[in-house]
Amino acid sequence: MTLASFITSLFLLTYILAQKILLTNDDGWAATNIRATYHKLKEAGHDVLMVAPVSQRSGWGGKFDVPPSNTLETDGEFGYVKAGDPAWGHEVNDDHIWYFDGTPASCIAFAINYIEPFFFKNATSKFDLAVAGPNEGTNMSPSTFTLSGTIGATYNAIYRGIPGVAFSGSNTNNSFFKDYLDLSNTNSPPTIYANLVVDFVEALFKSQGDQPHALPLGTGMNVNFPPVGTEDPRCCDPKFVSARLTGAYARAYDLQYNATSDLVEWSENISHRGNFACHNGDCSLPTEDYVLAHTTCQSSVSVFSTDYDANLQLSQSAFKLLEHLK
Ligand SMILES: *[C@@H]1O[C@H](CO)[C@@H](O)[C@H](O)[C@H]1NC(C)=O
Ligand SMILES: *[C@@H]1O[C@H](CO)[C@@H](O)[C@H](O)[C@H]1NC(C)=O
Ligand SMILES: *[C@@H]1O[C@H](CO)[C@@H](O)[C@H](O)[C@H]1NC(C)=O
Ligand SMILES: *[C@@H]1O[C@H](CO)[C@@H](O)[C@H](O)[C@H]1NC(C)=O
């Protein structure tokens, strides 16, 4: 290799590796998983802007809330910011780590519509990728797709033309980064997940090559990590495997009446037939639920599209009703 081509390839490498990433979650800006991921993505050389809800917004799906006032009405998650503080702001020592009194979906909009143009005075800046998570708990199947705030943030980025990937971990504890962040501990689940996010997004950028977008317009990915490290000492480096959202074992939320407590309780049900329908993609792939529940030390990777229209055959069949409407 000549010196010139060596320098060119170094430049290309840097160009491929340094990408502009918008990071959010639904567990709140003070959660350990997202803080670990912020630091690992930066360490890998990316330009990361983190904008996440000030409080826990799990299960809020794509709901789009704006702050009811310009100050917080209640303390933020873990009391890290307090009632009366501004409704949005950043870490004192890092203006790339923001909270916002909104939902994951509106955090995406706040970053793009406000922080970039007004705070950083850069209306032309474009994010190469939106990363949501890693969530504290898995997000699998169509039932969760619409319910999860992690996925809600992801599809809201995708609507805006930014490729999005939702990551979810199997560590369900809602932990405060001030207590649990340990970037050098290779057994800590948030640290392991953060390194896996870096591996995944770098593979995505490499496969992008010179295409303008890392994923085709209107496309996103959903990644679920198995228990790792202190949660499963046998698993420290799970393999990524292809999966799909619908099919056998796809979980649905359900409820059960409990006569003893006279309460209606949450349950999960893997027999909801609508979740088994395969109209798109590779029907022979295992579901995310299958990979996480019935294989060992593997991360599921599914691909979805926000073209929620049914395919031609399905829509033509449904549109037959129009013949009966005068
Ligand atoms: C604005 O963003 C663009 C694209 O990310 C970048 O090339 C440029 O340097 C930024 N300008 C400033 C003033 O930060
Ligand atoms: C879960 O997180 C909370 C809040 O940070 C902490 O008090 C608790 O000890 C954690 N539990 C586990 C099992 O990590
Ligand atoms: C029903 O409620 C009782 C009382 O709270 C509880 O002990 C029991 O585990 C519940 N049953 C089921 C199936 O969840
Ligand atoms: C799951 O849902 C099916 C109907 O889709 C129902 O027949 C069955 O009783 C439910 N199972 C549980 C455990 O709730």
Side-chain angles (χ1 to χ4, degrees), residues 22-28 31-34 36-37 52-53 56-63 103-105 107-108 129-159 163-175 189-190 192-194 196-197 200-201 204 215 219-228 231 238 240-254 266-270 272 274-275 281 285-295 298-306 308:
L22 174 53
L23 175 66
T24 191
N25 73 352
D26 71 7
D27 297 307
T32 312
N33 279 0
I34 193 171
T37 299
Q56 177 57 257
R57 295 289 198 148
S58 282
W60 288 60
K63 190 169 191 295
T103 48
C107 285
I108 294 285
L129 185 70
V131 168
N135 190 57
E136 296 165 343
T138 55
N139 281 309
M140 306 181 288
S141 90
S143 308
T144 314
F145 185 92
T146 46
L147 180 144
S148 158
T150 309
I151 301 179
T154 309
Y155 54 71
N156 272 274
I158 295 168
Y159 297 158
V165 185
F167 293 93
S168 300
S170 290
N171 60 341
T172 52
N173 192 31
N174 183 219
S175 73
I192 296 175
Y193 292 151
L196 290 169
V197 171
F200 190 92
V201 306
L204 192 61
L215 291 168
T219 311
M221 296 177 102
N222 190 40
V223 178
N224 281 278
F225 298 128
V228 294
E231 304 221 327
F240 291 101
V241 298
S242 306
R244 53 178 294 115
L245 282 121
T246 76
Y249 300 92
R251 229 185 307 188
Y253 297 107
D254 214 333
W266 271 84
S267 66
E268 284 180 354
N269 191 319
I270 57 166
H272 286 194
N275 276 341
L285 287 175
T287 54
E288 305 164 318
D289 288 278
Y290 180 84
V291 172
L292 272 283
H294 298 285
T295 74
Q298 298 198 106
S299 303
S300 65
V301 180
S302 303
V303 185
F304 62 84
S305 121
T306 53
Y308 302 127

If only atom types and distance count, is the side chain of [X] paired as donor or acceptor with the main-chain N or O of [Y] below 3.5 Å?
X      : Y      : answer
Tyr193 : Thr37  : no
Thr150 : Ala132 : no
Ser148 : Thr144 : no
Glu288 : Ser141 : yes
Thr103 : Lys63  : yes
Thr306 : Tyr155 : no

Taken in chain and number order and not counting sequence neighbours, the residues that satisfy salt bridge (Lys or Arg N to Asp or Glu O under 4.0 Å) with Asp27 are none
Residues at least two apart in sequence or cross-chain that pass ring-ring contact (aromatic ring centres under 6.0 Å, His included) with Phe304, listed by chain then number, are Phe145
With sequence neighbours left out, the residues meeting ring-ring contact (aromatic ring centres under 6.0 Å, His included) with His294 are Tyr249, Tyr290
- Query: Taking it one step at a time, do Val201 and Val165 satisfy side-chain contact (heavy atoms from CB on, under 4.5 Å)?
  - Reply: CA-CA 9 Å; Val201 306; Val165 185; 5.7 Å; no
- Task: Test side chain to side chain donor-acceptor pair (under 3.5 Å) on Glu231 and Asn171 and set out the steps.
- Result: CA-CA 7 Å; Glu231 304 221 327; Asn171 60 341; 5.7 Å; no
Check your understanding: Should the pair Phe225 and Phe167 be assigned to parallel (<30°), tilted (30 to 60°) or perpendicular (>60°) ring geometry?
Key -> parallel
Open item on the list: Assess the residue pair Leu292 and Arg251 against the criterion (side-chain contact (heavy atoms from CB on, under 4.5 Å)); give the C-alpha distance rounded to whole Å, side-chain angles, the decisive distance to 0.1 Å, and a yes or no.
Closed with: CA-CA 12 Å; Leu292 272 283; Arg251 229 185 307 188; 6.0 Å; no
